[in-house]
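As structure tokens, the structure follows; a few thoughts come after it.
Every chain is numbered from 1, with letters handed out A, B, ... down the list of sequences. Worth knowing before you read on, the calculation uses all heavy atoms, side chains too, and leaves out hydrogens, waters and symmetry mates.
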Amino acid sequence: MIAKQASRLTLFLLLAPAILWLGLLIVLPHVEILVLSFSERIAPRVYAFGFGNYLEFFTEPLYWRTFARTAFMSILVTALTLVLAFPIALYIARVAQGRLKAMLLLLCLLPFWVSELVRTLGWMILLRETGVISYMLRSIGLASQPVELLYNDGAVILGLVYGGLLFMIVPLANALESLEPAVVEAGYDLGGSRWTVLRRIVIPHAMPGIVAGCIIVFMLTVGNFATPVLLGGKNGLWFTEQIYAQFITRFNWPQGAAFGMLLLLLSSAIVWLGLRLTGQSLGTTLKQA
Amino acid sequence: MTLCIGSVMASSTDLDIVNVTKRFGSHAAVDDVSFSVAPGEFFSILGPSGCGKTTLMRMIAGFEHPTSGDIRIRGASMIGVPANRRPVNMVFQSLALFPMMSVGENVAYGLTCRGVSRADAEERANRMLERVGLKGFGDRRVTALSGGQRQRVAIARCLVLEPTLVLLDEPLGALDLKLREHMKIELKQLQGTFNTTFAYITHDQSEALVMSDRIAVMNQGRFEQVGSPRELYHNPATPFVASFVGETNRLQGEAAAASNGTIAVRLSSGAIVQGQGSAAAKAALAFVRPEAVALAQDPSPLSNLPNRFEGRISAVLFDGAASSLLIDTAGFEQPVRAVLPQAGPLAGIEVGAPVHLGWTADAMKVFAA
């Protein structure tokens, strides 16, 4: 009896940091934000319970259009990242051996040794009107005027794909590595073309890794702030900017809190939909990630 | 023996390997190997691990390319033909079933790759599953099958494509002993009912002996001997074949006098054994099978044998029909292995009992060491 209690106490003590971490830094702020999002300002410094902040999102087209745009662009970025990462992950997992494999993964990791802000500023140096690419285009005679490559959707997508690549490559390479070489050979041996083997054997095998990578990249992209703001400028129109504007510029915390909750709910709904469409369960996906 | 195969004879064979060599750097994994396999034949390549048999098989399947030489299937050269265009299918050592597909999809995979419609492929897959005794298993996951069932799916997946040749890369290795014995017979029967040419590689001489019509014994990238299981067992061409195929007693000595077909070999102890064969050099190896060693309680029944010795039982290795005795024999460095008599006066023989042993000259094969 005493031993059982002691082991319980040990378990509790071991779990305490994790519970405190989750409780204080994740659950508590979210409860706070949830409560805040339901308070409406009826007069200066007077707040009452109501759904007005949520109604505002659906009645004001700017808000839900910004959200739809953010969701659509994030899906596009996720798809582009997947297409770019797949051959890289395939090479790392199936072709590269020993030190080369470790080196390639390190190369993928290297850009993340500097902060996101610095990486994005790096892109700005390359893309701006007086930047490296503009200068090169002029010097080889492809452009007569300085070319502005910043502040458009292309630049935003470029920056976001670049930032998401690593988080796609790692789960993909993990999933592909566990594919037995003989299974791929059997695919060819029984008459499959490269495309058939890829479509019917390699991709189904890598599916948990694909879904895991897509969830991570999608979530990171939807919630990104610095990249769309810096590379997109005024044309960035990312939903996180709306949240920032409510909290910081407009000082309307309840509205910002409602937007925060909506971002969480809507992006979760998109992930859930993605899981349903690909027939994957969250459990197997999390194991892969 | 297969060097003479030309285009005229090619149509009467399913597979011709012509002077095939495969080098990895300076090491020749397969060194100038030639052989032919006739339609409907069960052909085995038997050799220790690392002898080059897997490389040879992968070259036939199209996963490796020979450094020189030619591989012909029904007379058509396979050099430059990719694996997915060869009329050859392989049963892998790990079986390599597709875990992302059901049993039926595994079997139908090759058909759909050929452009057979989904419904048609499914029907033919189900018929094939029925023929290998897996009726109604089409919708199961391959992970839910037993070892023997997975084996049959792997073979059905190949046979449904009606290939000229099925390659089997030690497919029984992962099974437990009882199932392996059962699958040996089943494989042989399957091969008989489908009348498909099988090329089987293994390091297990019992698998090769039981199933094969012909066996090639491979060592260090070369074929030592090609022949029927009986030929290999009773008339080994090289000392390697003599010691690798079946149980044997191996004696080392010096070739002494030779007279009318028999050759005398003097062992290091001074004892002399009489055998058949030739030894060009002084050093010689002599082999005698355990079942060729005659045993008796007194010397009179063995009096007409040229090789007669006396010994004492040092161990009884009981293993049912494969039981044997180890006999410490004067003049021999190693104990002599003989078959345990299961009937007659010596049936109950125990360790320490004295015994007389002997064998004929033609039961003993002598080679130059």
Between B:Tyr200 and B:Glu207, a side-chain donor and acceptor under 3.5 Å
yes
Set of residues satisfying ring-ring contact (aromatic ring centres under 6.0 Å, His included) with respect to B:Phe223, sequence neighbours excluded
B:Phe35
Taking atom CD of A:Glu177 as the centre, report whether more than 12 heavy atoms of other residues, nucleotides or ligands fall under 6.0 Å from it.
yes
Tell me, yes or no, whether the heavy-atom count around A:Arg199 atom CZ, taken from other residues, nucleotides or ligands under 6.0 Å, exceeds 12.
yes
Please find out if less than 6.0 Å separates the ring center of A:Phe239 from that of A:Phe57.
yes
Using heavy-atom distances under 4.5 Å, tell me whether A:Glu185 contacts chain B through its side chain, its backbone, both, or neither.
both
Given B:Arg86, B:Met90, B:Arg85, the one with more heavy-atom pairs under 4.5 angstrom with chain A than any other is B:Met90
According to the interplanar angle, ranging from 0 to 90°, do the rings of A:Tyr162 and A:Trp123 count as parallel (below 30°), tilted (30 to 60°) or perpendicular (above 60°)?
perpendicular
Side chain, backbone, both or neither of B:Tyr109 within contact of chain A (heavy atoms, under 4.5 Å)
both
Shorter than 4.5 Å, heavy atoms on both sides: which option in A:Thr196, A:Val197, A:Ile201 has the most such pairs with chain B?
A:Ile201
Heavy-atom proximity to chain A below 4.5 Å, by part of B:Met100:
side chain
With rounding to the nearest 0.5 angstrom, report the CG to NZ distance, B:Leu175 to B:Lys184.
11.0 Å
Leading residue by heavy atom contact count with chain A [cutoff under 4.5 Å; candidates B:Gln93, B:Arg114, B:Glu105, B:Arg157]:
B:Arg157
For A:Phe225, the ring-ring contact (aromatic ring centres under 6.0 Å, His included) test, sequence neighbours excluded, returns A:Tyr244
A:Phe112 meets the ring-ring contact (aromatic ring centres under 6.0 Å, His included) criterion, sequence neighbours left out, with A:Phe167
Per-residue contact mode, B:Leu167 against chain A (heavy atom under 4.5 angstrom):
neither
Using a 4.5 Å heavy-atom cutoff, which residues in residues 130-146 of chain B come close to chain A?
none
